[in-house]
Participant: 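Submitted below is the structure of interest, expressed as structure tokens.
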There are 2 protein chains.
Amino acid sequence: MSCELVFIDKLKEKGFRLTMQREIVLSVLHGFSSAVSAEEIYNRVQEISSAVDISTVYRTLELLQDFGMVISSDIGGDHRVYNLVSVEEPHIHLVCKECGQVLGIETDPAEKLASYLESHHNFLIDLKNFHISGLCEDCQEKGISPNE
Amino acid sequence: MSCELVFIDKLKEKGFRLTMQREIVLSVLHGFSSAVSAEEIYNRVQEISSAVDISTVYRTLELLQDFGMVISSDIGGDHRVYNLVSVEEPHIHLVCKECGQVLGIETDPAEKLASYLESHHNFLIDLKNFHISGLCEDCQEKGISPNE
DNA sequence: GTTATTGCAAATTATTTGCACTTGG
DNA sequence: CCAAGTGCAAATAATTTGCAATAAC
């Protein structure tokens with residue numbers, strides 16, 4: 001099922017409405033391959049319709065996060081970036097702490113760790129929504145070191 | 001080696017100075033068993049010396065983070081909390097996404113996962129500085145569910 | 001029609017900064 | 001001494017909010 005259909009479904013499910021602004025934000029997010037800030041999203045949205053307000057962008061991003069379709073992460077301390085994530089298979093998110101890029105992978109390699117943490121430390125992680133922070137290939141190539 | 005000695009050492013090493021304010025902030029951090037906000041730290045600091053400014057608290061917290069003695073995490077979206085962490089052994093930090101509490105554990109249970117991510121996805125994590133987000137025992141007991 | 005949603009502008013709020021003064025080494 | 005550190009007050013800046021107008025359903 002495509003992102004758009006998932007979105008429409010979830011909106012209906014909660015009694016929310018499909019608006020022009022929400023469609024635009026979602027389509028703009030598709031145009032980015034890496035993590036982007038709210039302002040970058042806003043700028044791109046403006047190119048499509050200059051009437052859309054930045055507060056609407058924020059409100060839509062929050063909605064998409066509630067729906068699990070977008071994740072956001074803090075990078076560089078002050079910058080918050082957003083990512084559209086696949087709505088298919090549950091998966092772990094490898095989030096680059098340098099650029100905020102997100103890579104979705106299968107959950108199995110972390111299953112052992114998860115059960116270890118639960119049995120030994122009573123610490124519960126949600127594998128279907130597990131974020132691992134590190135360095136992506138690109139940022140490694142730029143010579144950035146893993147310890148921040 | 002105690003936190004205080006480590007702190008003094010690191011300060012010397014970088015040519016920074018040991019001030020009253022820095023000592024107070026560090027001692028106040030010892031008094032908290034769980035994660036606290038900058039303002040909570042500031043309030044406690046004020047009880048000891050009302051002359052210390054909140055900007056100094058922020059500056060000191062940043063310094064302590066640079067030294068790897070404090071970690072901070074975002075919880076609940078808007079709240080940022082700080083934790084004094086053990087200066088001994090390198091370890092993984094289990095950070096509760098609900099209350100911000102940090103539990104330090106040994107690195108070995110995650111070694112397999114780390115090498116898997118590196119070989120299969122070219123994604124590099126720093127095991128000595130690995131943060132895993134989840135729910136601590138206390139928050140689980142409060143009936144909070146792992147998916148946020 | 002009714003109610004969610006929006007645009008606008010103003011508010012919020014945690015954090016940061018410039019600078020003259022103070023203090024540690 | 002003198003560079004690092006501080007307090008103060010003001011600036012910042014990203015995000016949020018109240019509300020009347022608008023548009024989905």
Side-chain angles (χ1 to χ4, degrees), chain A residues 4 7-28 35-67 70-82 100, chain B residues 4 7-28 35-67 70-82 100:
Chain A
E4 282 70 16
F7 191 38
I8 291 171
D9 254 31
K10 301 222 182 197
L11 287 171
K12 269 216 185 93
E13 187 188 317
K14 314 244 172 168
F16 297 154
R17 291 171 185 173
L18 180 62
T19 64
M20 205 41 163
Q21 291 85 337
R22 285 173 178 171
E23 283 188 279
I24 293 174
V25 171
L26 183 56
S27 79
V28 159
V36 279
S37 68
E39 201 145 15
E40 288 173 291
I41 296 165
Y42 173 64
N43 291 336
R44 196 69 71 87
V45 167
Q46 284 277 300
E47 289 168 19
I48 298 171
S49 169
S50 61
V52 181
D53 194 72
I54 190 152
S55 64
T56 301
V57 172
Y58 276 111
R59 287 187 273 228
T60 306
L61 286 172
E62 207 193 327
L63 194 67
L64 288 166
Q65 279 180 276
D66 287 348
F67 288 173
V70 159
I71 70 165
S72 74
S73 20
D74 277 324
I75 60 170
D78 52 342
H79 226 73
R80 169 165 292 268
V81 292
Y82 300 83
Chain B
E4 282 71 17
F7 191 36
I8 291 171
D9 254 30
K10 301 223 183 197
L11 286 172
K12 270 216 185 93
E13 187 187 315
K14 313 243 174 171
F16 296 154
R17 293 173 185 172
L18 179 62
T19 64
M20 206 39 167
Q21 291 85 337
R22 286 173 178 170
E23 283 188 277
I24 293 174
V25 171
L26 184 55
S27 79
V28 159
V36 279
S37 68
E39 201 145 17
E40 287 172 291
I41 295 165
Y42 172 63
N43 290 338
R44 196 69 70 87
V45 167
Q46 285 276 300
E47 290 169 19
I48 298 171
S49 168
S50 61
V52 181
D53 194 72
I54 190 152
S55 63
T56 301
V57 172
Y58 276 112
R59 288 187 271 228
T60 305
L61 286 172
E62 208 193 327
L63 193 68
L64 288 166
Q65 281 180 275
D66 287 348
F67 288 172
V70 159
I71 72 167
S72 74
S73 21
D74 276 324
I75 59 170
D78 52 343
H79 226 72
R80 170 165 292 270
V81 292
Y82 299 84

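In the text below, chain A, chain B and the rest are named by the order of the sequence lines, each starting its count at 1. Nothing here was measured: the structure is a model prediction, and the numbers come from that model.
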Participant: Flag the pair Asp9(B) / Glu13(B) as yes when at least one side-chain heavy-atom distance between them is below 4.5 Å, and no otherwise.
Facilitator: no

Participant: How about Phe7(A) and Leu63(A): do any of their side-chain heavy atoms sit closer than 4.5 Å?
Facilitator: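 Yes - at least one pair of side-chain heavy atoms lies under 4.5 Å apart.
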
Participant: Can you pull out the residues from residues 9-26 of chain A that lie within a 4.0 Å heavy-atom distance of DNA chain C?
Facilitator: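 Contacting residues: Phe16(A), Arg17(A), Thr19(A), Gln21(A), Arg22(A).
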
Participant: In whole Å, I'd like the distance from the CD1 atom of Ile41(A) to the C1' atom of dA14(D).
Facilitator: 14 Å

Participant: What integer distance in Å separates Leu61(A):CG from dT5(C):P?
Facilitator: 15 Å

Participant: Under 4.0 Å: is that the gap between some side-chain N or O of Tyr58(A) and OP1 or OP2 of dT15(D)?
Facilitator: yes

Participant: For residues Tyr42(A) and Val28(A), determine if any side-chain heavy atom of one lies less than 4.5 Å from a side-chain heavy atom of the other.
Facilitator: no

Participant: Side chain of Arg22(B), backbone of Leu64(B): donor and acceptor closer than 3.5 Å?
Facilitator: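 Checking the backbone N and O of Leu64(B) against the side chain of Arg22(B), no donor-acceptor pair under 3.5 Å is found.
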
Participant: For residues Ser73(A) and Gly100(A), report the shortest heavy-atom separation together with the two atoms involved.
Facilitator: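 Answer, listing the atom of Ser73(A) first, then Gly100(A): OG-O, 4.2 Å.
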
Participant: In degrees, rounded to 10°, what is the bend between the two ends of the helix from dG1(C)-dC25(D) to dG25(C)-dC1(D), using five pairs at each?
Facilitator: 40°

Participant: For the pair made of CD in Gln65(B) and C1' in dT15(C), what is the distance, rounded to whole Å?
Facilitator: 13 Å

Participant: From the list dA14(D), dA14(C), dC8(D), which nucleotide is the closest neighbour of the side chain of Glu39(B)?
Facilitator: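 Selected nucleotide: dA14(C).
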
Participant: Using atom CD of Glu62(B) as one end and atom C1' of dG5(D) as the other, report the distance to the nearest whole Å.
Facilitator: 14 Å

Participant: Please figure out whether Leu63(A) or Arg59(B) has its closest DNA chain C nucleotide nearer the 5' end.
Facilitator: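 Final value for this comparison: Leu63(A).
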
Participant: Shortest non-hydrogen contact from Val81(A) to Ser37(A)?
Facilitator: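 Shortest heavy-atom contact: CG1-N, 4.0 Å.
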
Participant: Please determine if a side-chain N or O atom of Ser55(B) lies less than 4.0 Å away from the OP1 or OP2 oxygen of dG7(D).
Facilitator: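 The answer is no; no side-chain N or O of Ser55(B) sits under 4.0 Å from OP1 or OP2.
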
Participant: Run the numbers on Ser72(B) and Gln65(B) for side chain to side chain donor-acceptor pair (under 3.5 Å), then give the verdict.
Facilitator: CA-CA 8 Å; Ser72(B) 74; Gln65(B) 281 180 275; 3.0 Å; yes

Participant: Taking OH from Tyr42(A) and P from dA13(D), how many angstroms apart are they, rounded to a whole number?
Facilitator: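 From Tyr42(A) OH to dA13(D) P: 17 Å.
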
Participant: Could you check if a side-chain atom of Arg44(B) sits within less than 4.5 angstrom of a side-chain atom of Ile41(B), using non-hydrogen atoms only?
Facilitator: no

Participant: Give the rounded distance in Å between these two atoms: CD1 of Ile54(B) and P of dA9(D).
Facilitator: 14 Å

Participant: Distance check needed: dT15(D) P versus Arg80(A) CZ, whole Å only.
Facilitator: 7 Å

Participant: Mark yes or no for whether Gln46(A), through its side chain, and Val52(A), through its backbone, hold a donor-acceptor pair below 3.5 Å.
Facilitator: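 Yes.
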
Participant: Just the rounded figure in Å: distance from P of dC19(C) to CG of Asp53(B).
Facilitator: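 Rounded to the whole Å, the gap is 17 Å.
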
